[in-house]
Amino acid sequence: MQEVRVLAPAKVNLALRVGPPRPDGFHPLETVFEALDLFDEIIVRSADELSLSIEGAPGLPADSSNLAMRAAYALRERVGRVGGGAPGAGDSVRRFGGADRPSRDSSQLPGAHMTIRKRIPVAGGMAGGSADAAGALVALNELWGCGLGADELMALGAQLGSDVPFSLLGSLALGRGRGEELTPLRCAAMHSWVLVVSDEGLSTPAVFREFDRLAGATQSGPEVGGPGGQTHVGASPCPARAEPDPTAGLRQALIGPDLASLAEHMINDLQPAALSLRPDLAATLGHIADCGVARILSGSGPTIAILAADAASADSLAARLAASLPELTILRADGPAAGAHVAGVR
Ligand code: C5P
């Protein structure tokens, strides 16, 4: 096998409830992820060394700081450590050395050239970096014949980033812990989305820091902004403490046919923090206040996801917004969509 092509999905969070930071600095989450059919493409080809090139995102680093490169190193290290006994292991893997013995000689480790074709907005709150890491894991697992199963890839993915396991799993899932503890969910219908994408991204750690700052400043339980610019009175910035099962209503709404009920339960606790860092998002939310059945910031933002009544309404809304918001990029996507998966092998 010379080349493997993988598609890895973007995500939106239908609900994102955030608790106070844990001792390790991460925030406990309760979230409902939905994967969208907006895919980054990850193509890997056999090569002596590990390398990466990126198409469609000029500013993105293609060095070892890129999460896809870190995924490649992590997979190589993981397979090097367990030796070449994995089912379906190819020659390149057998070169790693004896089973259960660490293989530290990097000259014996396989390489690959990875190409990422970016379509998911960069730093947009849609897990684009996590999708690339997930795509690299799936593609290289195949190219190198590592034979790791889905659970093993998910465990490796969780070490790389909180959203990587969901990028592997795809579809619809409840996420707990940092977001990496996943329970698959079902829904009654497909969802049609219009995505309003800013040119300028937002740093996820910065949004979480701002969340902490606002939570500290609002200990007495004031109002916290909800989806679509609505205000949810009493939505605590610390739902992990305040509500035992903060996404129960949304999960119930997902299995019913009524999108309005789903819309009612959509909430993102990071939205006030993102709006505080990026006041321009409030103007965008104001502009789209009547669009679709619900509007929500995607993850840590700044992408805003609009849930439309159906695919036709989403198509016409996307065309209308592209004309009325020329400074922003408008995308169309549907969900739930598959997790990172092999789309072609040569
Ligand atoms: O896990 P990941 O590397 O994607 O997280 C990026 C950053 O987002 C973390 O370093 C942390 O600052 C913040 N984060 C958090 N709580 C989470 C997930 C992410 O504070 N559950």
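Just follow the structure's listing: the first ligand is 1, and inside any ligand the first atom is 1. All values reported here derive from a predicted model rather than from experimental measurement.
Closest protein heavy atom to atom 9 (C) of ligand 1: F26 CE2, 3.7 Å. Counting only heavy atoms of the protein, atom 13 (C) of ligand 1 lies nearest to F208 CD1, 3.4 Å. Nearest protein heavy-atom contact of atom 4 (O) of ligand 1 is S162 N, 3.7 Å. Remark: minimum distance from atom 7 (C) of ligand 1 to any protein heavy atom is reached at P205 CG, 3.8 Å. Residue, atom and distance of the protein heavy atom nearest to atom 3 (O) of ligand 1 are G161 CA, 4.1 Å.
Of all atoms in ligand 1, listed by their number and element, those nearer than 4.0 Å to a heavy atom of L29 are 21 (N). Against a heavy-atom cut-off of under 4.0 Å, T204 is close to the following atoms of ligand 1: 8 (O). Every atom of ligand 1 with a heavy atom of H27 under 4.0 Å away is listed here by number and element: 15 (C), 16 (N), 17 (C), 20 (O), 21 (N). Taking every heavy atom of G25 and a limit of under 4.0 angstrom, the matching atoms of ligand 1 come to 20 (O).
Residue D163 has no N or O atom closer than 3.5 Å to an N or O atom of ligand 1.
Proximity of a side-chain donor or acceptor of S298 to a complementary backbone N or O of G125 within less than 3.5 Å is detected. Listed for the E142 side chain is no donor-acceptor partner under 3.5 Å among the backbone atoms of A139.
Salt bridge D199/R278: absent, no basic N to carboxylate O contact under 4.0 Å. In summary, D24 and R178 do not engage in a salt bridge, as defined by a charged side-chain N under 4.0 Å from a carboxylate O.
Both L169 and V164 sit in one connected hydrophobic cluster of ILVMFWY residues. Membership requires side-chain heavy atoms under 4.5 Å apart, directly or through other members. Hydrophobic clustering (side-chain heavy atoms under 4.5 Å, transitive across Ile, Leu, Val, Met, Phe, Trp, Tyr) groups L331 together with V12.
A 4.5 Å side-chain heavy-atom check between M126 and V197 finds every atom pair outside the cut-off.
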